[in-house]
Amino acid sequence: MNWDDVLSLLPWILPPVIGAAIGFITNDIAIRMLFRPLKEKRIFGIKIPFTPGIIPKQRYNLADSIGNMVANQLLTEDAVRSQLASPAVSESIEQQVYEFSQDLLSFPLAKAAKDKLPLIQTTISELLQGLLDSLFTSPAFTDGAAAVLNHFLSSIADKPLSEILASIDIEAGLKNKLENLIMNPEFHEKLISILQKWAHRHVDQNSTISAFVSDDMAVMAADLFRSILPFLRDAIIAWLKVPVVRQTIEVRGKLLLDEVMAKLNLIQRIFVSVGQYDKTISENMPEIIDNLVTHLEHIFDEEENKEQIVKAFSKAVSNIRKKGIKGILKSQKIDPDEKIQQFVAGLFKFLQTQDIGGKIAKGITSFLASHESETLGTLAHDIFGITPQGVSDTIMTSVFTDSFKKNASAAITGYIVAYCEQQGDRSIKDFFGVSDTMQREFAMRTAFTLKEVLADKIPHAMQSLNIKELVVNKINGLDVIAVENLLMMVIAKHLKWINVFGAILGALIGFIQIIVRLLQP
């Protein structure tokens with residue numbers, strides 16, 4: 001074939017080839033213009049059309065459209081619920097629960113007391129402490145404990161005393177307890193320690209006496225002093241009439257007379273000596289003492305004087321109440337620790353020598369025996385005005401405090417951990433006797449329950465997640481190149497076929513041109 005023959009064929013070959021090339025190139029350019037250029041282009045300040053590309057220009061609208069599509073058509077409640085209900089998901093959840101329980105239950109108890117448990121990354125001590133703290137601080141526990149305590153106290157309160165007295169020897173038991181308590185040196189030391197701490201706190205704060213003696217107590221003290229004043233008067237007068245006391249007063253009187261004489265000047269002493277006044281007074285000292293005692297009796301008997309004495313006592317109490325305890329102790333050179341030890345020692349010595357424990361026990365037993373026909377609740381209400389509900393409320397508020405709950409949870413945890421440490425290689429499964437069948441049953445029921453809970457929570461979870469916002473924020477957070485790569489992962493293959501189809505259509509147009517030319521006459 002020569003060159004002329006080639007040239008003669010070009011009119012038949014070029015139209016399809018050129019058409020195919022044009023179709024391929026134009027489609028390729030159109031596809032590239034979806035992403036390129038990334039930014040707006042200008043020449044001499046004039047914006048070039050179709051810049052930036054469609055995707056960069058409309059990326060936020062694209063993100064919103066994709067978010068709508070994912071939220072409303074792809075990741076819907078029905079789709080998630082359908083996937084959750086599939087057998088594969090059920091089997092997967094069941095298997096995960098079984099493997100978790102298997103790892104946990106096979107762990108040795110002694111090792112669990114020291115090392116972290118598998119999968120939950122905690123020790124038995126930490127786990128129990130957390131569970132017990134949550135339990136003891138929950139309103140459900142407090143309400144339940146109060147209900148149980150109230151029921152228990154009510155059942156005891158409804159029992160007749162005769163039934164209680166018949167079942168136990170109250171007198172012997174109570175006497176033994178009281179005597180042991182009175183004789184217990186540790187209790188003595190504890191009481192001394194408590195009183196000394198209490199005293200030190202008030203000394204450090206320099207609390208005034210008014211902190212211990214209220215206004216009402218001061219008034220009561222004055223009334224008490226007024227009521228015992230006649231007895232004090234009789235006691236004082238009787239004491240002054242005792243022969244030994246009279247002799248002491250006479251001696252003191254003569255010494256006083258000598259001191260008075262010593263303070264007189266020479267002329268005064270001469271005058272007194274000449275008149276023998278000092279001798280007369282000294283000789284009549286017994287009679288003077290009798291007259292003094294008689295005048296004191298009359299003074300005490302006058303109501304006005306009594307009130308003045310009471311007022312003086314009240315004023316003294318008021319002045320004392322204003323003083324700080326530190327100053328009083330210092331002025332009186334009192335060691336509070338020593339005084340407290342002496343007081344406690346004297347108190348318990350008195351209790352021991354007087355058999356106070358036995359007397360208290362006997363008195364309580366006799367009292368209870370005289371009321372044996374009554375119930376314990378009725379007796380408590382009549383004497384102390386208390387009810388089972390009131391006792392229950394008091395216990396719950398004073399005993400079930402935050403510190404008590406923490407100490408209780410710590411004590412229970414310590415006991416359980418110590419017990420676990422003694423179990424050696426014995427596993428949790430062995431301790432509770434859990435079989436593989438029981439584990440499978442537990443896994444199946446747990447998986448079913450989890451699916452039910454998840455299914456019920458799907459609407460709320462979907463609403464909380466806000467799928468559309470999640471997708472939009474994720475896409476908007478990507479740069480344009482990343483968005484292009486994301487789209488190309490999905491449509492790259494299809495875009496290539498668009499180029500091929502463009503070439504095919506261009507070739508067909510070229511063939512059509514040839515056919516049209518052949519049909520021309």
Side-chain angles (χ1 to χ4, degrees), residues 178 182 190-242 245 292-351 354 356 359-360 363-364 367 379-387 389-391 393-395 397-398:
L178 290 173
I182 292 173
K190 187 174 183 179
L191 179 59
I192 290 173
S193 176
I194 292 172
L195 292 176
Q196 287 178 343
K197 288 180 180 178
W198 175 82
H200 287 166
R201 185 174 70 251
H202 286 287
V203 170
D204 293 340
Q205 296 174 355
N206 195 24
S207 302
T208 60
I209 301 300
S210 60
F212 315 101
V213 181
S214 64
D215 293 337
D216 293 339
M217 292 176 65
V219 173
M220 291 174 59
D223 292 339
L224 178 62
F225 181 77
R226 180 183 287 106
S227 64
I228 65 174
L229 189 58
F231 301 99
L232 291 175
R233 173 255 191 200
D234 294 341
I236 292 172
I237 298 301
W239 176 73
L240 291 174
K241 290 180 179 181
V242 173
V245 176
L292 177 62
V293 172
T294 301
H295 281 292
L296 285 175
E297 288 184 273
H298 291 311
I299 290 172
F300 275 113
D301 289 339
E302 293 179 5
E303 291 298 327
E304 183 179 353
N305 292 332
K306 289 181 182 180
E307 288 302 318
Q308 292 298 326
I309 294 172
V310 173
K311 287 182 179 179
F313 174 82
S314 299
K315 185 176 181 180
V317 171
S318 178
N319 291 334
I320 292 174
R321 289 180 67 242
K322 297 176 182 178
K323 294 183 178 181
I325 189 172
K326 183 183 290 186
I328 294 176
L329 294 176
K330 185 177 180 180
S331 63
Q332 299 298 319
K333 297 181 180 179
I334 298 175
D335 183 358
D337 290 347
E338 181 181 348
K339 290 298 181 183
I340 288 173
Q341 290 179 349
Q342 294 175 356
F343 168 75
V344 173
L347 173 64
F348 284 108
K349 184 177 181 180
F350 171 78
L351 294 176
Q354 298 299 318
I356 299 300
K359 292 178 180 178
I360 293 175
I364 293 175
F367 174 78
L379 191 62
H381 182 269
D382 293 342
I383 298 175
F384 304 106
I386 60 176
T387 62
Q389 183 64 53
V391 175
D393 294 341
T394 301
I395 292 175
T397 54
S398 60

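Here I320 contributes atom CD1 and I328 contributes atom CD1; the two are 7.0 Å apart, rounded to the nearest 0.5 Å. Note that the CZ atom of F343 and the CG atom of L191 stand 8.0 Å from one another [nearest 0.5 Å].
Residues that satisfy the side-chain hydrogen bond (donor to acceptor under 3.5 Å, both in side chains) test with S207, not counting sequence neighbours, are H202. Considering only residues two or more places apart in sequence or on other chains, D337 meets the side-chain hydrogen bond (donor to acceptor under 3.5 Å, both in side chains) condition with H200. Applying the side-chain hydrogen bond (donor to acceptor under 3.5 Å, both in side chains) rule to E302 yields the partners N305; only residues at least two apart in sequence or on another chain are considered.
Of all the heavy atoms in I192 and I340, the pair that sits closest is O-CG2, 4.2 Å. Between P336 and L329, the shortest heavy-atom distance links the atoms CG-CD1, 4.2 Å. The two atoms that bring A218 and V317 nearest to each other are CB-CG1, 4.1 Å, heavy atoms only. Nearest heavy-atom pair across S227 and P230 is O-CD, 3.5 Å.
The closest side-chain donor-acceptor pair between Q308 and E304, if any, does not fall under 3.5 angstrom.
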message: Using the rule given for side-chain contact (heavy atoms from CB on, under 4.5 Å), can you reason through F225 versus L232, listing the C-alpha separation, both sets of side-chain angles and the distance that settles it, and then say yes or no?
response: CA-CA 9 Å; F225 181 77; L232 291 175; 3.7 Å; yes

task: Determine, stepwise, if the pair V344 / L195 fulfils side-chain contact (heavy atoms from CB on, under 4.5 Å).
output: CA-CA 9 Å; V344 173; L195 292 176; 3.8 Å; yes

task: Test side-chain contact (heavy atoms from CB on, under 4.5 Å) on Q341 and Q196 and set out the steps.
output: CA-CA 9 Å; Q341 290 179 349; Q196 287 178 343; 3.7 Å; yes

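For the salt bridge (charged side-chain N to carboxylate O under 4.0 Å, His left out) condition, no pair includes a residue of residues 339-348, sequence neighbours left out. Applying the salt bridge (charged side-chain N to carboxylate O under 4.0 Å, His left out) rule to pairs touching residues 305-323 yields D215-R321, R226-E307, E303-K306, sequence neighbours excluded. For residues 342-351, no residue pair satisfies the salt bridge (charged side-chain N to carboxylate O under 4.0 Å, His left out) rule, not counting sequence neighbours.
Panel note: side chain S318, backbone S314; no donor-acceptor pair is recorded below 3.5 Å.
I325 has its side chain out of reach of T208: every pair of non-hydrogen atoms, C-beta onward, lies at least 4.5 Å apart.
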